[in-house]
Amino acid sequence: MVLLGKGASYGIALGKALVIENESLKIEKENIEDIQLEKNKFLEGIKASKEQLAKVRDKALKELGEEKAAIFEAHLMILEDPEIVDQTIQKIESEKINAVYAFKEIANQFIMIFESMDNEYMKERAADIKDVSDRILRNILGETVIDLSMLEAEVILVANDLTPSDTATMDKEKVLGFLTNIGGKTSHTAIMARSLEIPAVVGLGNVTNQVENGDFIVFNGETGEVIIHPTEEEIKKYQDLKENYEKERKDLEKVKGQKSITLDGREVELVGNIGTPNDLEGLLKNDAEGVGLYRTEFIYMDRDSMPTEEEQFESYKKVLEGLAGKPVVIRTLDIGGDKKLPYLKIDEEMNPFLGYRAIRLCLDKQDIFKTQLRALLRASVYGNLKIMFPMISSLEELLAAKEILNEVKKDLENESIKYAENIEVGMMIEVPSAAIMSDLLAKHVDFFSIGTNDLIQYTTAVDRMNEKIHHLYSPLNPAVLRLIKMVIDNGHKENIWVGMCGEAAGDKKMIPILLGMGLDEFSMSASSIFPARKIIRSMKYEEAEKITHQVLSMGSAKEIENYLENTL
Ligand code: PEP
Ligand code: MG
């Protein structure tokens with residue numbers, strides 16, 4: 001069977017599928033005769049859960065440190081709680097109902113009690129109980145519970161979508177690739193896959209139902225082709241493709257250590273996007289000239305409470321030191337949209353991407369924002385920090401964010417805490433209103449970084465996560481290209497540098513156009529850096545300018561794509 005999705009992270013994968021069921025469980029009440037049998041099922045479920053969690057905790061302790069392991073320790077303690085166990089047993093006995101239903105009812109009661117408490121810490125415990133009870137329910141039902149941190153063999157992960165905590169805890173050595181039902185090239189699963197340099201195809205529609213555990217699969221992370229149960233011939237073809245791909249990667253390494261400069265001498269900066277300090281290794285291996293986007297939200301995501309100032313400081317310091325004086329653009333918290341925090345309750349929204357997110361949330365919950373800014377400023381003495389605000393959609397927002405930054409600087413001065421002088425402050429241009437106002441905004445920042453992932457979706461009203469309309473989502477859309485050109489020109493008129501940290505910056509077709517528009521900095525996934533440098537080194541700036549000029553006169557993405565295919 002051949003499926004076609006969106007190639008989200010380059011590379012060829014061959015291996016056995018591991019299907020992750022993260023759909024919610026359907027549990028119904030049943031009247032039962034054999035009370036002892038149900039009690040046993042329940043106790044077995046608890047026992048299996050304990051054994052699994054103890055293993056995960058031990059592994060976390062060894063590989064991720066005490067803090068992460070503490071989460072699993074807390075989960076183990078919930079399992080030991082006699083109240084939950086006794087009440088479930090009683091319920092099975094008195095109501096003569098099935099174990100799984102009885103336990104679900106009891107667990108829900110506890111979850112509700114914790115959720116309704118006034119104390120934030122207690123509220124957070126509700127999420128833990130949910131997590132543990134889900135594991136117990138699956139164990140009672142005899143479903144396999146998959147801990148991605150404990151994979152036994154090499155696998156291709158097949159899921160509806162992967163959460164940031166899935167990707168953060170999973171055993172990367174064992175994961176050959178990802179396949180997901182939903183998502184596009186700029187969904188966070190796709191971005192994570194690229195920064196981990198793991199091949200991935202997303203937006204496959206219903207792959208979780210088309211594949212079973214253990215099925216042999218081959219796929220191409222560039223073209224999006226996925227073959228389930230390939231023939232001998234197809235396997236051979238994919239083995240060859242894999243070999244070629246690896247050879248090509250080796251060949252690309254020839255540009256390592258070279259400048260990112262055109263044949264006629266225009267030099268640009270090729271920098272990397274990261275989500276956690278763990279991505280540094282890939283970045284340095286791929287010769288990034290700095291960090292153009294550090295998505296700090298991942299510090300907040302893979303956990304069950306707010307990170308402290310100290311924890312954040314350590315992460316920022318690590319990245320700044322790792323880059324040894326090269327520029328590091330750290331973006332302040334960009335939560336909301338498709339990125340949620342389990343411990344920060346935000347009311348359900350009709351349109352989360354147009355909702356309470358990023359800088360809007362930070363200007364409203366200033367304690368969260370100030371904690372982050374303090375950590376950033378304190379870390380600034382360890383390298384070349386630039387601070388960037390996400391999702392700015394008006395001048396007022398920018399000025400308010402800068403004002404708070406100044407307040408935090410004053411606080412630090414009062415406490416005699418040092419921070420670097422002349423830290424550049426910039427903003428993302430990812431909302432059309434900001435692009436349109438960029439002439440005025442440019443007077444108040446040191447740089448712009450264009451976030452095409454969101455700019456495309458907001459400009460063209462095409463949800464970046466929706467695979468049904470993904471054919472409408474393109475950085476080559478002429479309206480998007482015109483906005484990008486306008487932003488670069490407006491930035492340059494005010495003598496500030498303009499970069500791009502959306503995925504378009506690493507897109508082979510976009511690079512000549514962006515180069516010709518005068519983009520100064522290109523920030524991309526680590527694995528895109530060598531290919532990008534190769535393109536830049538193989539052309540003249542003059543040529544790129546001509547391409548840009550032509551493209552800007554065209555009326556559709558299709559026309560532009562055809563033109564580029566014939567020209568490049
Ligand atoms: C963007 O929108 O282009 C961007 C870089 O931010 P994110 O993908 O994190 O929304
Ligand atoms: Mg964005």
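Start at 1 and go down the list; that is how both ligands and their atoms are numbered. Values below: all heavy atoms of this structure, side chains included; hydrogens, waters and symmetry mates excluded.
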Enquirer: Using a 4.0 Å cut-off to any heavy atom of Glu430, which atoms of ligand 1 qualify?
Expert: 1 (C), 2 (O), 6 (O)
Enquirer: For Tyr316 and Gln312, does a side-chain donor sit closer than 3.5 Å to a side-chain acceptor?
Expert: yes
Enquirer: Looking only at heavy atoms, is any part of Met391 under 4.0 Å from ligand 1, and if so is it the side chain, the backbone, or both, or is it neither?
Expert: neither
Enquirer: Under 4.0 Å from a heavy atom of Arg464: give me the atoms of ligand 1 that qualify, with their elements.
Expert: 2 (O), 7 (P), 8 (O), 10 (O)
Enquirer: N/O to N/O below 3.5 Å, does that happen between Arg357 and ligand 1?
Expert: no
Enquirer: If the plane angle is over 60° it's perpendicular, under 30° parallel, otherwise tilted; pick one for Trp497 and Phe447.
Expert: parallel
Enquirer: At less than 4.0 angstrom from any non-hydrogen atom of Thr452, what atoms of ligand 1 do you find?
Expert: 3 (O)
Enquirer: Which of the atoms of ligand 1 are close to Leu293, meaning less than 4.0 Å from one of its heavy atoms?
Expert: 5 (C)
Enquirer: Decide whether Ser9 and Glu197 meet the rule of one side-chain donor and one side-chain acceptor closer than 3.5 Å.
Expert: no
Enquirer: Please give me the minimum heavy-atom distance between Pro390 and Ala358, naming the atom from each residue.
Expert: CG-CB, 4.0 Å
Enquirer: Looking only at protein heavy atoms, identify the closest one to atom 6 (O) of ligand 1 and say how far it is in Å.
Expert: Arg331 NH1, 2.9 Å
Enquirer: Under 3.5 Å, N or O to N or O, is Glu503 touching ligand 1 that way?
Expert: no
Enquirer: Do Arg533 and Ser260 get their side chains close enough for a donor-acceptor pair, meaning under 3.5 Å?
Expert: yes
Enquirer: Measure across Thr180 and Asn160 and return the closest heavy-atom pair with its distance rounded to 0.1 Å.
Expert: CB-O, 3.5 Å
Enquirer: Please compare Ile450, Leu455, Asn453 and report which has the shortest non-hydrogen distance to atom 1 (C) of ligand 1.
Expert: Asn453
Enquirer: Under 3.5 Å, is there a donor-acceptor pair between the Glu403 and Asn406 side chains?
Expert: no
Enquirer: Do Glu267 and Tyr541 pair up side chain to side chain, a donor and an acceptor below 3.5 Å, judged on atom types alone?
Expert: no
Enquirer: Below 2.8 Å, any N, O or S contact between Asp334 and the Mg ion (ligand 2)?
Expert: no
Enquirer: Short list, please: which atoms of ligand 1 are under 4.0 Å from a heavy atom of Cys501?
Expert: 5 (C)
Enquirer: Quick one: closest heavy-atom pair of Glu559 and Gly555, and the distance?
Expert: OE1-N, 3.2 Å
Enquirer: Check Asp454 and report its N/O/S atom nearest to the Mg ion (ligand 2), by atom name.
Expert: OD2
Enquirer: State the atom name: nearest N, O or S atom of Glu430 to the Mg ion (ligand 2).
Expert: OE1
Enquirer: Go through ligand 1 atom by atom and flag the ones less than 4.0 Å from a non-hydrogen atom of Arg295.
Expert: 4 (C), 5 (C), 6 (O), 7 (P), 8 (O), 9 (O)
